[in-house]
Amino acid sequence: MNAMSSERLPAHPFALPNLLTYGRIAAVPVVVGLMYWQSILGGGLWLRWLALAIFIVAGISDILDGYFARMWGQQSSLGRMLDPIADKLLVASCLLMLAVDSTIRGWTVLAAVIILCREILVSGLREYLAELRVSVPVTKLAKWKTLGQLVAIGFLIAGEAGTRVLPQTIEIGIALLWLSALLTLYTGWDYMRAGLRYMMD
């Protein structure tokens with residue numbers, strides 16, 4: 001038997017996967033604060049790079065917490081609850097700040113609204129189905145959707161600072177955001193269909 005797979009560590013509030021999730025939640029006000037400092041208070045563009053660096057670390061932690069939880073058998077109800085909450089907090093707060101500083105504006109705000117509405121809808125459906133003791137697993141497409149959102153937001157956080165390195169940074173971010181919004185609609189319909197099926201039953 002593989003020694004790695006045979007070693008099962010207890011899942012407790014301070015297990016490494018949960019600590020990574022806590023860190024991702026703690027990163028939210030830091031990223032928002034840096035973006036606010038740069039765009040609203042007139043700070044230097046280096047603040048966008050710092051915000052992007054912390055955002056990337058938070059995104060990587062999203063991958064690592066699930067990996068470590070499976071590898072060490074530390075999957076827990078707390079982790080399953082907090083992980084999607086951390087993702088939604090990170091995505092929603094960054095989208096709101098990007099709208100406030102006009103990185104996304106006009107029709108592009110609609111893509112952000114679609115993403116936010118879907119997240120609220122899915123959260124409500126999950127809560128409803130949990131009361132029925134029904135679990136709706138996260139699909140691979142939903143995981144790609146989340147990755148697409150994070151990459152799009154990363155480009156947009158870089159914003160004006162990024163355009164000095166890659167002139168089309170904001171345009172790439174906007175294109176990826178719309179692609180994510182389309183995937184969001186599709187995956188949201190999957191969750192809605194599953195929820196409606198149990199409601200009808």
Nearest atoms (heavy-atom pairs only) where [X] meets [Y]:
X    : Y    : answer
G173 : F155 : CA-CB, 3.6 Å
S93  : V28  : OG-CG1, 3.3 Å
V31  : A51  : CG2-O, 3.9 Å
L52  : G154 : CD1-O, 3.3 Å
I25  : P29  : O-CD, 3.4 Å
A86  : T21  : CB-CG2, 4.0 Å

> Quick check: does any side chain N or O of T108 sit under 3.5 Å from a backbone N or O of I104, one acting as donor and the other as acceptor?
Replying inline: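 Flag not set: sc T108 to bb I104 has no pair under 3.5 Å.
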Shared ILVMFWY cluster between [X] and [Y], side chains joined below 4.5 angstrom?
X    : Y    : answer
L116 : L110 : yes
V57  : L89  : no
W46  : I54  : yes
V109 : L177 : no
V100 : L90  : yes

Interatomic spacing from [atom1] in [X] to [atom2] in [Y] - rounded to 0.5 Å:
X    : Y    : atom1 : atom2 : result
T184 : I114 : OG1   : CD1   : 8.0 Å
L45  : T163 : CG    : OG1   : 8.0 Å
Q149 : L147 : CD    : CG    : 10.0 Å
I157 : L34  : CD1   : CG    : 10.0 Å
M35  : L96  : CE    : CG    : 10.0 Å
W49  : I56  : CH2   : CD1   : 9.0 Å

>> For a side chain to side chain contact (heavy atoms under 4.5 Å, CB included) check, start with the C-alpha distance between T169 and L156, then their side-chain angles and the critical distance, and finish with the verdict.
In response: CA-CA 7 Å; T169 294; L156 294 171; over 6 Å; no
>> Taking CH2 in W37 as the centre, count heavy atoms belonging to other residues, nucleotides or ligands within less than 6.0 Å. Is the count above 12?
In response: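 Atom CH2 in W37 is not crowded, with 12 or fewer foreign heavy atoms closer than 6.0 Å.
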> Within a strict 4.5 Å, meaning less than it, do heavy atoms of the I172 and L166 side chains meet?
Replying inline: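 Contact flag for I172/L166 side chains = yes.
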> Hey, are the side chains of V91 and L95 touching, using non-hydrogen atoms and a 4.5 Å cut-off?
Replying inline: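 Yes; the side chains approach each other to less than 4.5 Å.
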>> So if I apply the side-chain contact (heavy atoms from CB on, under 4.5 Å) rule between K145 and each of L185, L183, L150, which one comes out positive?
In response: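 Of the listed residues L185, L183, L150, the side-chain contact (heavy atoms from CB on, under 4.5 Å) partner of K145 is L183.
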>> For a side-chain hydrogen bond (donor to acceptor under 3.5 Å, both in side chains) check, start with the C-alpha distance between R118 and T187, then their side-chain angles and the critical distance, and finish with the verdict.
In response: CA-CA 9 Å; R118 183 266 188 192; T187 57; 3.2 Å; yes
>> Just to verify, what does D101 make a side chain to side chain donor-acceptor pair (under 3.5 Å) with, not counting sequence neighbours?
In response: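 Checked D101 against side chain to side chain donor-acceptor pair (under 3.5 Å); matches are R48, T103.
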>> Using the side chain to side chain donor-acceptor pair (under 3.5 Å) criterion, which residues pair with S180? Sequence neighbours excluded.
In response: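 Applying side chain to side chain donor-acceptor pair (under 3.5 Å) to S180 gives none.
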